[in-house]
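Numbered from 1 within each chain, the chains take letters A, B, ... in sequence-line order.
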There are 2 protein chains.
Amino acid sequence: MDNVTTSTITEVKTSKSRYSACLLFSANALSRAITAIGDEEFGRFGLCYSHAYMLCEVVEQPGITPSELSGTLCLTPSTITRLVEKLEQKRLVRRESEGKKTLIYPTAEGEAIQPEIAQAWDRVGARYSQVLGETSVCQLTKQVFSAAKALGGGI
Amino acid sequence: MDNVTTSTITEVKTSKSRYSACLLFSANALSRAITAIGDEEFGRFGLCYSHAYMLCEVVEQPGITPSELSGTLCLTPSTITRLVEKLEQKRLVRRESEGKKTLIYPTAEGEAIQPEIAQAWDRVGARYSQVLGETSVCQLTKQVFSAAKALGGGI
DNA sequence: AATTTTTGTTTGCACATACAAATATCATTC
DNA sequence: GAATGATATTTGTATGTGCAAACAAAAATT
């Protein structure tokens, strides 16, 4: 029960499958690394990156619905509900029921901190670029974006 | 349902801050999309992708330690402990204490299902390639990998 | 007009993951 | 050789996320 297994494994290591393993692993590692930077910058507002992103969308489109946000942020409706709850709890947005829909509006405070959040985005971008180089960031973003869109299909 | 969702990202936007937002968002979206495919394939074994990846490493290097796995999988030691617990619970690996170290070995069953798992990796890879194209997968993997390494620095 | 189907949102539960603190062992220094 | 510091691992706690089910409201079908 030794040699057979061993040779199989060695084959596996050099075959295509390692690439797939690597993409899965790398994509998650990249996600964690980038999220860490984002959360570090947005932590000052007591937000994580997805809260910040969501708040920007709400400020940009007052009255946006959870399902629209779900499409924009590529997160499931249930996750959106949870994020909105957090933001509501921090008095940055408020909800209004209208029929079966829910409309989400920024509060005055939510609009007020939006410029600061935009600055935080810039700092995040600067940190990426510092490490990866500005051109790489653009290239990487495009590739990752199109791959995500192709694979995820949008929720 | 109308075109209220103007800011839905169908295209990488041009302002700098949008790029950073986009990279953060895209990286996470890619991660989720890819993880979904991985988990779907490994779900037959009752595993998620990281369990499967870890099992491969353990089979390949019997007696590997949590900290080594932490480096390989780019996950924190505490996460490794939790994953090992799950794998141990499924009787696929076992732990041995040796001083302050913990050595992780595959069980017979763990070794037995390894070839099936390798096949699952191949199926995952096939699904990526089908959507993205084989050359794109390799290119994307390399880029994402080096970016993750540069940003994360390895844990 | 009443019932069924579809659509939008929210809850219950589960999981992977991380951080911080606790624990256990090894290595160094006095 | 005892005390201090360094390293390895595990627990407590918290969080973002998703799936499936529940719920609510609108639309469609009868």
Side-chain angles (χ1 to χ4, degrees), chain A residues 24-25 27-40 42-43 46-54 63-71 73-90 93 95-104 152 154-155, chain B residues 1-2 4-5 24-25 27-40 42-43 46-54 63-71 73-90 93 95-104 152 154-155:
Chain A
L24 222 171
F25 147 79
N28 278 284
L30 178 64
S31 163
R32 284 192 300 272
I34 284 187
T35 298
I37 294 178
D39 288 349
E40 202 175 308
F42 294 116
L47 302 177
C48 69
Y49 94 94
S50 41
H51 291 126
Y53 201 170
M54 175 178 273
I64 195 171
T65 63
S67 48
E68 286 164 349
L69 281 170
S70 171
L73 304 182
C74 268
L75 294 171
T76 61
S78 64
T79 301
I80 299 293
T81 298
R82 264 61 184 259
L83 291 178
V84 172
E85 276 169 3
K86 271 276 162 62
L87 243 45
E88 203 176 22
Q89 186 181 319
K90 290 181 194 306
V93 306
R95 271 185 286 196
E96 258 180 39
S97 271
E98 186 183 280
K100 68 180 172 184
K101 286 185 173 180
T102 296
L103 308 183
I104 305 163
I155 291 295
Chain B
M1 269 9 90
D2 26 22
V4 177
T5 59
L24 223 171
F25 150 79
N28 278 284
L30 179 63
S31 163
R32 285 192 298 272
I34 284 188
T35 297
I37 293 179
D39 287 349
E40 200 176 308
F42 294 116
L47 303 176
C48 69
Y49 94 94
S50 41
H51 291 126
Y53 200 171
M54 174 179 273
I64 194 171
T65 65
S67 48
E68 286 164 348
L69 282 171
S70 171
L73 303 183
C74 268
L75 295 171
T76 61
S78 64
T79 301
I80 299 292
T81 298
R82 264 59 186 260
L83 290 178
V84 172
E85 277 169 3
K86 272 276 164 60
L87 243 45
E88 203 175 23
Q89 186 181 320
K90 290 181 194 302
V93 306
R95 271 186 285 196
E96 259 181 36
S97 272
E98 186 183 279
K100 68 180 171 182
K101 287 185 174 181
T102 297
L103 309 182
I104 304 162
I155 288 297

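Atom-to-atom, CD1 of Ile64(A) to C1' of dG8(C) comes out at 14 Å; the value is rounded to the nearest Å. Leu75(B) places its CG atom 11 Å from the P atom of dC19(C), with the value rounded to the nearest Å. Glu85(A) has its CD atom 16 Å from the C1' atom of dA14(D), to the nearest Å. Summarising the geometry, the separation between OH on Tyr49(B) and P on dG18(D) is reported as 15 Å, rounded to the nearest angstrom. For Leu30(B) and dT17(D), the CG to P distance is 15 Å, given to the nearest whole Å. Remark: C1' of dG18(D) and CD of Glu40(B) are 14 Å apart, rounded to the nearest angstrom. When the P atom of dT10(D) is taken as reference, atom CG of Leu87(B) falls 13 Å away, rounded to whole Å. Computed from coordinates, the Arg95(B) CZ to dA24(C) P distance equals 15 Å when rounded to whole Å.
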For nucleotides 21-23 of chain C, which of its nitrogen or oxygen atoms have a protein nitrogen or oxygen under 3.5 Å away, and what is each distance?
none

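In the set dT9(D), dT9(C), dG16(D), dG16(D) carries the atom at the smallest distance from any side-chain atom of Cys48(A). Among the nucleotides dT17(C), dT10(D), dT17(D), the one closest to the side chain of Arg32(A) is dT17(C). The side chain of His51(A) approaches dG16(D) more closely than any other nucleotide in the set dG16(D), dT10(C), dA18(C). The nucleotide whose nearest atom lies closest to any side-chain atom of Pro77(A) is, among dT17(D), dT10(C), dT17(C), dT10(C).
Here the straight-line distance linking atom NZ of Lys86(B) with atom CG of Leu47(B) works out to 10.5 Å at 0.5 Å rounding. Put simply, CG on Leu24(B) and OG1 on Thr35(A) are 5.5 Å apart, with the number rounded to the nearest 0.5 Å.
For Ser67(B) and dT7(D), the shortest distance from a side-chain N or O to OP1 or OP2 is not below 4.0 Å. Regarding contacts with the backbone of dG16(D), every side-chain N or O of Thr35(A) stays at 4.0 angstrom or more from both OP1 and OP2. Contact between the side-chain N/O atoms of Ser50(A) and the OP1/OP2 oxygens of dT17(D) is found at a separation under 4.0 Å.
For Glu98(A), there are no salt bridge (Lys or Arg N to Asp or Glu O under 4.0 Å) partners, not counting sequence neighbours. Remark: Thr79(A) engages Thr76(A) in a side-chain hydrogen bond (donor to acceptor under 3.5 Å, both in side chains) (not counting sequence neighbours). Residues forming a side-chain hydrogen bond (donor to acceptor under 3.5 Å, both in side chains) with Ser31(A) (at least two apart in sequence, or on another chain): Asn28(B). Among residues two or more places apart in sequence or in another chain, the side chain to side chain contact (heavy atoms under 4.5 Å, CB included) test is passed with Glu40(B) by Arg127(B). Under the rule for a side chain to side chain contact (heavy atoms under 4.5 Å, CB included), the partners of Glu85(B) that lie at least two apart in sequence or sit in another chain are Thr81(B), Arg82(B), Arg95(B).
One N or O on the side chain of Ser70(A) and one on the backbone of Leu75(A) form a donor-acceptor pair closer than 3.5 Å.
Nucleic acid contact class of Ile80(A) (heavy atoms, under 4.0 Å, all strands): none. Nucleic acid contact class of Thr65(A) (heavy atoms, under 4.0 Å, all strands): sugar-phosphate only.
Side-chain contact check for Val93(B) versus Met54(B): every heavy-atom pair is 4.5 Å or farther apart. Side chains of Thr102(B) and Glu96(B) form no contact here, defined as non-hydrogen atoms less than 4.5 Å apart.
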Do nucleotides 19-26 of chain D as a string where each nucleotide becomes B, S or -: B if the base has a protein heavy atom under 4.0 Å, S if just the sugar-phosphate does, - if no protein is that close. B-----SS

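Mapping Asn28(A) and Thr81(A) onto DNA chain C by nearest heavy atom places Thr81(A) closer to the 5' end of the strand.
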